[in-house]
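If you're wondering where the values come from, they're calculated on a predicted model, not measured in any experiment. Reminder, nothing fancy here: chain letters follow the sequence lines and each chain counts from 1.
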Amino acid sequence: MSDVLAVVEHRRGELRPVSLELLSAGSEIAEDLGGEFHVAVLGGPVEKYAERLNREGVDCIHTVANGSEFNHDVYVETVGALCEDLAPDVLLAPHTVNGLDYVPAVAVDREMSLVTDVMEVEIEDGEDDEDDEADQHLVATRGFFESKVRAPVTVDEWPVALTVRPGEWPSADGVEDVEVRPFDYSVSAESIGSTVEGYEAAGKSDVDITAADFLIGVGRGVESKADLSLIEELASVTDATIGASRPLVDRGWFESGRQIGQSGKTVSPDVYLAVGISGAIQHVSGIKNADRIVAVNTDPHAPIFDLADLAIVGDLYDVIPALIEKLR
Amino acid sequence: MKVLVTFAEVAAVADNFEIEDGAVADRYLEYDLNEWDEYALEEAVLLREAGVADEVVTLTIGPRQSEDTIRMALAKGADRAIRIWDDSLEDGALEDVTTRAALMAPVVEAEDPTLVLSGVQAADDGYAATGVALAKTLGRQWAAVVNDLSLDREAGTARVRRELEGGLEEVTTVDLPAVLTIQTGINDPRYASLRGLQEARQQEIEVHTPAELGLDEDILTPTLHRGEMSEPTPRGDTEYVEGEPTDQAEAMADLFADAEVIEE
C-alpha cells in the first residue's frame, strides 16, 4: 500500500520529455507517502524505453509489450490490470492529449478520485493522529480560470488518479539499477472499439516561425482582422516574423503553420514579443525556450507577464503605434 | 440519428479582479457559454443541416440562472434543451468530473443519441475529463480532442482526427455510439439570429433533479474540496514598465537593441 504507479508516454519510438518529469513527480509523492514508486511503459520498444526510465527514485519498471503506439482501449484495460495487480494509492499520467484520452476512463472503471492538470502535490497528515496512514490526504494544486488563479484541491478518497501538467517538475536524472519486470497481459478483442489508423502532420506554412530571431506573437487582444495591419507594420519596421496564438488560427486569420504553442510550434527566438496574448498554458509551453520575452497586455494579471522579462501593461492600440513611431 | 451536446455555462474573470474569502469576487465573474462547447454545438447543428442528424439536444448541469445561456444554444440551432440541477449540487459535488458524468449518464441513456459531442474542456476549471468519463460511465466508445469528424453510418463508425501536440494529428476510427470531445477550430460557430433568440425565449427547457434521475445521494457527497484561491506567485524578475506609451515603447526598443534583433 501507499505505492505510486506512473504510466509514461511515448510516440513514434521516442519517450516524450514529460515522461521524465513524471518520474520526478512520482518519486516525490511516493517518498511522502512512504511507499514504493512503480513505473509502467506500454507498447513499442519497451526494453529500450525501460533503459531510459532507469532513474533515481524508481523502484520497479513494468514493461508491457502490447502494440506499438497509443490506443485508449489497450491503455484502459492494461493500466486497469496493473492497478489490480499493484493496488497503487496514486496513479500518475501526463496531462497530455493522450493522457486525457484514457485516464478519466480508468478513474471511472476503478472508482478512483480524479484530479487533472496538476501542478503541485502534497500529502497532508490528518489532524487527529499523525501516524495514522488512513488519515492522510492528498492535496493537488492546479490552475483555475485559465491559470489566472490557482487553488489546492483536497482529495478525501483513495486511490487517486492524477494527470500532471508538463513543465512543472524537473526531469529525473541519475542512473540506478532498477528492476525491470515484464507484465504479461493480453487485451481481449471485445474491449477494443477503436483503431488508430495513422498520423498526419497538421497544416503547412510557407514561413518557418521556429527559425525567427525576432518573433511577434499575436493574440486575442487584436480585435479585428483589419487591425493586423498594425502588427504587419511593426514587423516590417523591425524585420520580425509574425506568429499567432490558437484563437487567431481558429478564426482563420492565420494558417495553422503559424500557430505557437502546445498544438502548434515550439519556438526559440532571441526576442519574443507577445501582443494581446494572455498566456494560456498551451501557449506558454511553446515559448519557454525564447531568450527574452516582452509582453503587451491590458490585464495586469495576464499569466504571460509571469514569464516576461519586460511587462507592458497597456493597450496595444496605444503601445504598438508608439513603438512603430520610436523605431522608424 | 440524434446528436446530444453537453455544454456548460462557465465564468470568466475580468481584468483587475480581486480574491475575497478565498475565491474570485463575484462581481468580476462574467458568465457565458463555454467556448469549446460552442464548437461542439456548431458541429451538431452542421450535422443536422447536412441531413446526417435529425435532432440536436443539449444537456447542461446548471442552476436556473444558466437558462439564458441555454437559450443562446437553442437560438444557435439546438432543437431541445435539458437541464439537471438541485441546489445541493452547489456544495462541491461538481468538482469531481466523474460525478458530473454520473449525473449526465441517465439522461444520455434515456435519449440514446448516436453521437454525444462535448467540448474538450471547460474554460473555468479546465479538468478536460468529463466527456471521456461520461463515455466510460455509459460503456460507449470515445475520442478526446477531435478537430475533424466524419461518420460512416453503414459501418457504424466515426472517423476522427485527434489533435496531438506539436502539430501532429492522429486518425482514429471509433465504434458508434460514441462520445467525442471537440477542439476549438473544428468549424466556425455561428452567431444567434434575432429571430432565433426570440423563438428560443418561448421554448421549454426540460429540468431534472438528481433524485428524479434515480441517482443515489451517495454520489453527490463531495470527495474533492477546492481550497482557497490565490494568485500565482510571480517569478519575481519581470520588469513592469509604467507610464505613457512612449515611455513603454522606449523600454521595449532598448531591450530589442540590447538583444541585437534591431539596429540602433
Side-chain angles (χ1 to χ4, degrees), chain A residues 96-97 100-101 104-105 107-109 113-117 144-146 148-157 193-202 213-214 238 249-250 262-265 270-271 291-292 294 298-301 305-306 308-314 318-319 322-323 326-327, chain B residues 13 15-17 19 24 95-98 101 123-129 132-133 136-137 141 144-145 162-175 184-185 223-232 234-235 238-241 245-246 248-253 255-256 259 261-262:
Chain A
T96 54
V97 173
L100 294 179
D101 200 41
V108 168
D109 249 0
S113 300
L114 174 66
V115 187
T116 64
D117 201 13
F144 291 90
F145 300 117
E146 295 165 315
K148 284 184 178 178
V149 299
R150 46 160 62 200
V153 175
T154 304
V155 186
D156 277 356
E157 283 179 12
S194 68
T195 314
V196 178
E197 292 173 2
Y199 299 97
E200 284 173 13
D213 293 329
F214 188 0
T238 54
V249 175
D250 284 347
Q262 194 182 74
S263 51
K265 302 266 169 66
D270 294 336
V271 172
D291 262 1
R292 301 202 210 190
V294 180
T298 50
D299 178 5
H301 295 284
F305 285 142
D306 193 33
D309 299 281
L310 205 58
I312 310 291
V313 182
D318 298 327
V319 175
L323 182 61
K326 167 82 188 161
L327 295 174
Chain B
V13 296
D15 292 358
N16 296 308
F17 67 91
I19 292 174
V24 175
E95 195 70 38
D96 185 345
V97 295
T98 64
D124 52 2
D125 58 39
Y127 279 111
V132 175
K136 195 67 195 174
T137 306
Q141 261 301 322
V145 195
R162 296 181 55 232
E163 186 187 277
L164 304 179
E165 294 84 2
L168 195 68
E169 298 179 330
E170 178 199 283
V171 180
T172 295
T173 305
V174 299
D175 292 345
T184 60
T223 55
L224 302 181
H225 307 276
R226 195 190 296 186
E228 290 198 356
M229 288 189 175
S230 60
E231 287 183 53
R235 251 184 348 161
T238 302
E239 185 191 337
Y240 283 81
V241 187
T246 49
Q248 295 177 320
E250 194 166 331
M252 294 163 85
L255 183 141
F256 299 161
V261 291
I262 58 164

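Only the side chain of Val97(B) comes within contact range of chain A, with at least one heavy atom under 4.5 Å from a heavy atom of that chain. Residue Val313(A) touches chain B through both its backbone and its side chain, counting heavy-atom pairs closer than 4.5 Å. Interface remark: Glu95(B) contributes side-chain atoms only to the contact with chain A (heavy atom separation under 4.5 Å). Looking at Leu310(A), the atoms closer than 4.5 Å to chain B (heavy atoms on both sides) sit in the backbone and in the side chain alike. The parts of Arg150(A) that come within reach of chain B are both its backbone and its side chain, each placing non-hydrogen atoms under 4.5 angstrom from that chain.
To the nearest 0.5 Å, the span separating CG on Leu323(A) from OG1 on Thr246(B) amounts to 11.5 Å. Residue Asp15(B) holds its CG atom at 8.0 Å from NE2 of His301(A), rounded to the nearest 0.5 Å.
For the set Asp175(B), Leu255(B), Thr223(B), the entry with the most heavy-atom pairs within less than 4.5 Å of chain A is Thr223(B). For the options Gly314(A), Ala322(A), Ser263(A), heavy-atom pairs under 4.5 Å to chain B are most numerous at Ser263(A). Ranked by non-hydrogen atom pairs under 4.5 Å with chain A, the options Leu168(B), Val145(B), Thr98(B) are led by Leu168(B). Chain B forms the most heavy-atom pairs under 4.5 Å with one residue out of Gly198(A), Pro300(A), Ser113(A), Ala107(A), and that residue is Gly198(A). In terms of heavy-atom pairs under 4.5 Å with chain A, the best-connected choice from Val174(B), Thr137(B), Asp124(B) is Asp124(B). Ranked by heavy-atom pairs under 4.5 Å with chain B, the list Glu157(A), Glu200(A), Glu146(A), Lys326(A) is led by Glu200(A). When each of Asp291(A), Asp318(A), Val319(A), Ile312(A) is checked for heavy-atom pairs under 4.5 Å with chain B, Ile312(A) comes out on top. Heavy-atom pairs under 4.5 Å with chain B peak, among Asp213(A), Leu327(A), Thr298(A), Asp156(A), at Asp156(A). Top candidate by heavy-atom pairs under 4.5 Å with chain A, chosen from Thr184(B), Asp96(B), Ile19(B), is Thr184(B). No other option in Asp117(A), Val294(A), Asp270(A) has as many heavy-atom pairs under 4.5 Å with chain B as Val294(A). Note: Ser230(B) leads Ala123(B), Ser230(B), Ala259(B) in heavy-atom pairs under 4.5 Å with chain A. Your options are Gly126(B), Ala251(B), Ala249(B), Ala253(B), and the one with the most heavy-atom pairs under 4.5 Å with chain A is Ala249(B).
Of all heavy-atom pairs between Lys148(A) and Phe17(B), the closest is O-CZ, 4.0 Å. Taking all atoms of both residues into account, the shortest heavy-atom contact from Ser194(A) to Gln141(B) is CB-OE1, 3.6 Å. Across Glu170(B) and Val196(A), no two heavy atoms sit closer than the pair CG-CG1, 3.5 Å. Scanning all heavy atoms of the two residues, the minimum distance from Thr238(B) to Ala311(A) falls at CG2-CB, 3.6 Å.
The backbone N or O of Asp101(A) lies less than 3.5 Å from no partner atom in the side chain of Arg162(B), so there is not a single donor-acceptor pair.
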Next item on the list: Walk me through it: do Tyr127(B) and Leu114(A) pass the test side chain to side chain contact (heavy atoms under 4.5 Å, CB included)?
Entry: CA-CA 9 Å; Tyr127(B) 279 111; Leu114(A) 174 66; over 6 Å; no
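Contact check for Val261(B) versus Thr238(A): no side-chain heavy atoms found under the 4.5 Å cut-off. By the 4.5 Å heavy-atom criterion applied to side chains, Val132(B) and Leu100(A) are not counted as neighbours. Between Glu165(B) and Val97(A), some side-chain heavy-atom pair lies under the 4.5 Å cut-off. Looking at heavy atoms from C-beta onward, Tyr199(A) lies in side-chain contact with Leu164(B) at the 4.5 angstrom threshold.
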